Protein chains: 2
Amino acid sequence: MRVKTGNKEKDILEAAIRVFAKNGYHGAKMAKIAEESNVSIGTLYLYYVNKEDLLVKVFENLWKSLYNELEALANRVDFSVTEKLDHLIDVFFDIFSSNSDLATVFVNEQHLVMRNPEVQVMYYHDFMSKAELIIYDGQKGGSINPNLNVKALRFFILGGIRNLLEVWALEPRLIPLPIMRNNIKTVIKNGLIHKN
Amino acid sequence: MRVKTGNKEKDILEAAIRVFAKNGYHGAKMAKIAEESNVSIGTLYLYYVNKEDLLVKVFENLWKSLYNELEALANRVDFSVTEKLDHLIDVFFDIFSSNSDLATVFVNEQHLVMRNPEVQVMYYHDFMSKAELIIYDGQKGGSINPNLNVKALRFFILGGIRNLLEVWALEPRLIPLPIMRNNIKTVIKNGLIHKN
DNA sequence: AAATTTTATGAATCAGTATTCAAATATATT
DNA sequence: AATATATTTGAATACTGATTCATAAAATTT
């Protein structure tokens, strides 16, 4: 019996994220992913069934992490709804700030995964439901405007975050991450219009 | 001398939008675009240099329209900054509400165009500068919180709109367009947090 | 140290599709 | 109605790159 050395599965996935980020999913070549992960092309197919599987696994890992963080957050009884939303923004920024390539892939390729009805990204819908629940609680508790549509809000906020992350991944210097984070929080908390 | 009949250039571009929306840029086949526009494959190449050119032209037209609308809006002296932002949201929704395929392409494929340094989409940057100028004026005039970063705001808001349009293009029934429009306006005007 | 089993390799295969271009067709001109 | 010119066609081409699989290498067992 021979035993696997290193962690090729992980190496390959991390290389895939880098290559997907740099070239886009369709521009990414399996040969390049193999090279980046110091593995032969054939080995890619020992750990992942094909190129699409690599992309799906990237998103599964991501949404699983995001969901776990959100779940821990949602259960905190010592946080108000406002604080939960505040920390939810941190969850996103924390995950992506340590991996800008992941942010790029997230922003640009998510629709490829979502468009395909054959693949169900686990944890994605769980994440969304739980995020909506927080907003809904806020409306019941009176801290969030009850006239706003929960789903619309959720998409709007996540879309805004997504776009900012894209900008940051493309040009990290243009708007520093902490600035983005604070701006989003301010907009969500106080709204765009300044009232004295 | 023979004269061109119909408007193949337009027919082709409209077919391309439909096919790009349905299959994504990379999933879209030139043969399908030819079929949809009632033209032979060869004819596509008489009007557009290649597949990428089709995509670029879609975005050039789009940003040109958006820019023209915004310019007219920005020049209105009878509108306050707040009203201008309000109408800016209408500009987006008006253009896309009559063409959901265009919304889908806009949301999903913009990064392909932006990633390529060889193509400069005309009017895109003009649009963005002008949009930032409105926000900036609002800050100078005191109606917008001066602590907010103009670029960050611009990306956040457009990202939110983009995401909502994506949802609408995928599932038009989930959140009706007027609801989306009003929600965005409320969030921008009053902020997420409800104050009595 | 030979045999066995698992893991890894990468050249060759194969399928898909954007693009080309020689030929055909339609309109206009003489 | 013959000629000239512009427009259109779509089968054939050319290329790219994902995937396969016969072979090799490494670890483990006997």
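Hydrogens, waters and symmetry mates play no part in the numbers below; they use all other heavy atoms, side chains included. Model, not experiment: these values are computed from the prediction. A note on names: the letters A, B, ... follow the listed sequences, proteins ahead of strands, and every chain is numbered from 1.
Note on A:S40: a side-chain N or O is less than 4.0 Å away from OP1 or OP2 of C:dT9. Contact check, B:Y47 against D:dT7: no side-chain N or O comes under 4.0 Å of OP1 or OP2. Here A:K8 reaches the OP1 or OP2 of C:dA8: one of its side-chain N or O atoms lies under 4.0 Å away.
Nearest to the side chain of A:Y45, among C:dA18, D:dA18, C:dA8, sits D:dA18. For B:T43, counting side-chain heavy atoms from C-beta on, the closest listed nucleotide (C:dG10, C:dA8, D:dT8) is D:dT8. Relative to the side chain of A:K29, the nucleotides D:dG10, D:dG17, C:dA8 differ in distance, and D:dG17 lies closest.
Taking atom CD1 of B:I41 as the reference point, atom C1' of D:dG10 lies 7 Å away to the nearest angstrom. When the C1' atom of D:dG17 is taken as reference, atom CG of A:L44 falls 13 Å away, rounded to whole Å. Protein atom CD of A:E35 is 15 Å distant from nucleotide atom C1' of D:dG17, rounded to whole Å. Atom CE of A:M30 is separated from atom P of C:dG10 by 16 Å (rounded to the nearest Å). Straight-line distance from the OH atom of A:Y48 to the P atom of D:dT20: 17 Å, rounded to whole Å. Nucleotide D:dT8 holds its C1' atom 14 Å from the CG atom of B:D11, rounded to whole Å. Regarding A:N7, its CG atom lies at a distance of 15 Å from the C1' atom of C:dT7, rounded to whole Å. We find that CG of A:N38 is positioned 14 Å from C1' of C:dT9, with the value rounded to whole Å.
Distance alone, capped at 3.5 Å, places no donor-acceptor pair between the B:E166 side chain and the A:G159 backbone. No donor-acceptor pair under 3.5 Å is formed between the side chain of A:E69 and the backbone N or O of A:L66.
Side-chain contact, B:N116 with B:E52: a donor N or O sits under 3.5 Å from an acceptor N or O.
Contacts of B:L46 with the nucleic acid, taken as non-hydrogen atoms under 4.0 Å apart, include base atoms.
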If you apply the rule side-chain contact (heavy atoms from CB on, under 4.5 Å), what do you find for A:F59 with A:V119, and how did you get there?
CA-CA 11 Å; A:F59 277 90; A:V119 294; over 6 Å; no
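Between A:F156 and B:F156, the two ring planes are perpendicular [angle over 60°; tilted spans 30° to 60°].
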